[in-house]
Amino acid sequence: MIDLKALEQDPTAFAAALRRRGDIANLDELVRLARARKEVIGKLQALQEERNKLNEGMKKATPAEREAARDRMRGLGDDVKALEAEQRTVEAQRDALALHVPNVPLPEVPEGTDEHGNVEVRRVLEPRKLEFSAKDHVDLGVALELVDIERAAKISGARFAFLKGQGARLERALASFMLDFHLAAGDVELAPPLLVTAATLTGTGQLPKFAEDLFTVNFGPPQEAGAAPLYLIPTSEVPITNYYADEILDEERLPLRFCAFSQCFRAEAGSAGRDTRGLIRQHQFEKVEMVRFATPEQASDELERMVQRASDLLTALELPHRVVLLCTGDMGFAAEKTYDLEVWLPSQGSYREISSCSTTGSFQARRAQIRYRPKGNDPKKPEKPRPLATLNGSGLAVGRTWVALLENHQQADGSVRIPERLRPYLGGVDALRKDAGLGSS
RNA sequence: GGAGCGGUGGCCGAGUGGUUGAAGGCAUCAGACUUGAAAUCUGACGUACGGGCAACCGUAUCGAGGGUUCGAAUCCCUCCCGCUCCGCCA
């Protein structure tokens, strides 16, 4: 959620900053509601104060005095209730609007309407020059019996896959390798719940606006569902970021750095027809995620560190990639600055997203009520809590890493070379070959 | 699925209609004492909103919402969450 106080104090500046992403529809109405709310609260508190004062004398008042005060008190009580209802209404209207307003981009974020406005920051590793024509990961995977998409369609429909034999083991190896990489750098690992409440998804910004991208899960048969549904997480950013929801952390603890492995589930109703071949876009995929809790002052540095970490992972896997700074039009709803890491895919002759690292500033923290208490100078007067900054980044999308590894390390004979660093996770094998003797169709 | 119990401040835990934002304890912070530390003593110590330059003042807040009442942490209703036992189960 945007900073409503800042909005109220300087609507013009706020609108200018937000207009860069082209969405300022509700700002005027929000300002109006903020002022209406103050007015209601002012009236309400005056009445409550009067009521409290009258009440103070009631206990020791004589029956006659009590009787005399009663009418006035009744009237006050009714007025208070009416104003309380009004306050709730105004706040509900305010929240309904505010929860749909996206985050404000940082000044250094380039302006643009779509991915063409993104700015390449650097490239790492040269793509190999193949002396044969590159196969894509589906052809490679099918030939090596690493993946079975047709049978997955039979079981679950489109956008699902079985990994098989060495293919399944490769995914497990990649996830383990990534997690160990993060642990070696000092991150704390969390294994999160995969089903979360609507409130949790509101905290990170997926709800209320993007419900169509999520899978809903009911208790028991749909027609009997009594309890509120849960949602399959689209990324472990959701449960991890909400880990500290409604809490106040001491500044000394920050920054906090977590990593997590999880399945992710995305309905992505709007993506029909895009990336229909292969494993690039699935309803279910694995991802290792990095999440940071930091002071607003630390956020920028933490973002750069996450990008570097993701890049180092790709380098360790010998995968050519580039870092891209997203423009205003290509950023996610909650982000105020995002870098994508794009890995080289020989079959497409282009770079494809494999990691996205964002700072949301205090946007999610305000929604999820995550605050920290600044150190302060005077030990007698503790500082007031303020929202902290949350960051998240893929480190990495395991499925897409699987794809990139096959395509980049394919060899003339159809086998796939395993990079040195990954071999310990695959029992020491140096390549995936057709005659591995694992499984048959 | 059946039966029962419970949700109070960072934590534990009193409190069943009227100065209770809430006893007491723990934790934390500051000061005193001490060569230092421990122990001890004194004091401070929730959050949000409104007003104010500030000191500060006011209002709300005892899981959430609604109701009864002049007045609710305390009474009533609904919902949410947690725990225990039985059943089922990876």
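Here the structure is a predicted model, which means the values were calculated and not measured. All chains are named by letter (A, B, ...) in the order of the sequence lines, taking the proteins before the strands, and each is independently numbered beginning at 1.
- The 5' end of RNA chain B is approached more closely, in terms of each residue's nearest nucleotide, by A/Arg371 than by the other of A/Glu84 and A/Arg371.
- Taking a pair to require two hydrogen-bonding distances under 3.5 Å in either a Watson-Crick or a G-U wobble arrangement, B/G71 remains unpaired.
- Under a 3.5 Å cut-off, the side chain of A/Arg21 and the backbone N or O of A/Asn103 do form a donor-acceptor pair.
- A donor-acceptor contact under 3.5 Å is not formed by the side chain of A/Glu49 with the base of B/G58.
- A donor-acceptor distance shorter than 3.5 angstrom exists from the side chain of A/Arg266 to the backbone of A/Pro234, with no hydrogens or angles considered.
- Under the 3.5 Å distance criterion, the side-chain polar atoms of A/Arg417 are left unmatched by any main-chain donor or acceptor of A/His409.
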**Request:** Could you check A/Phe363 against A/Phe333 for ring-ring contact (aromatic ring centres under 6.0 Å, His included), going step by step and ending with a plain yes or no?
**Result:** CA-CA 10 Å; A/Phe363 185 85; A/Phe333 177 74; 5.6 Å; yes

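- In a base pair of the Watson-Crick type (N1 to N3 plus N6-O4 or O6-N4) or a G-U wobble (N1-O2 and O6-N3), with each distance short of 3.5 Å, B/G31 is matched with B/C41.
- When Watson-Crick and G-U wobble pairs are counted only if both distances are under 3.5 Å, B/A22 pairs with no nucleotide at all.
- Using C1' as the reference atom, B/G25 and B/G31 are 22 Å apart when rounded to the nearest Å.
- Using N1 to N3 plus N6-O4 or O6-N4 for Watson-Crick, or N1-O2 and O6-N3 for G-U wobble, each under 3.5 Å, B/G9 pairs with nothing.
- An OP1 or OP2 oxygen of B/U59 is reached within less than 4.0 angstrom by no side-chain nitrogen or oxygen of A/Arg51.
- Look at B/G1: its Watson-Crick or wobble partner, with both distances under 3.5 angstrom, is B/C86.
- Both A/Pro385 and A/Gln45 sit near RNA chain B, but only A/Pro385 has its closest nucleotide nearer the 5' end.
- Using Watson-Crick or G-U wobble geometry with both donor-acceptor distances under 3.5 Å, B/U47 finds its partner in B/A60.
- The phosphate of B/C70 has neither OP1 nor OP2 within less than 4.0 Å of any side-chain N or O from A/Asn52.
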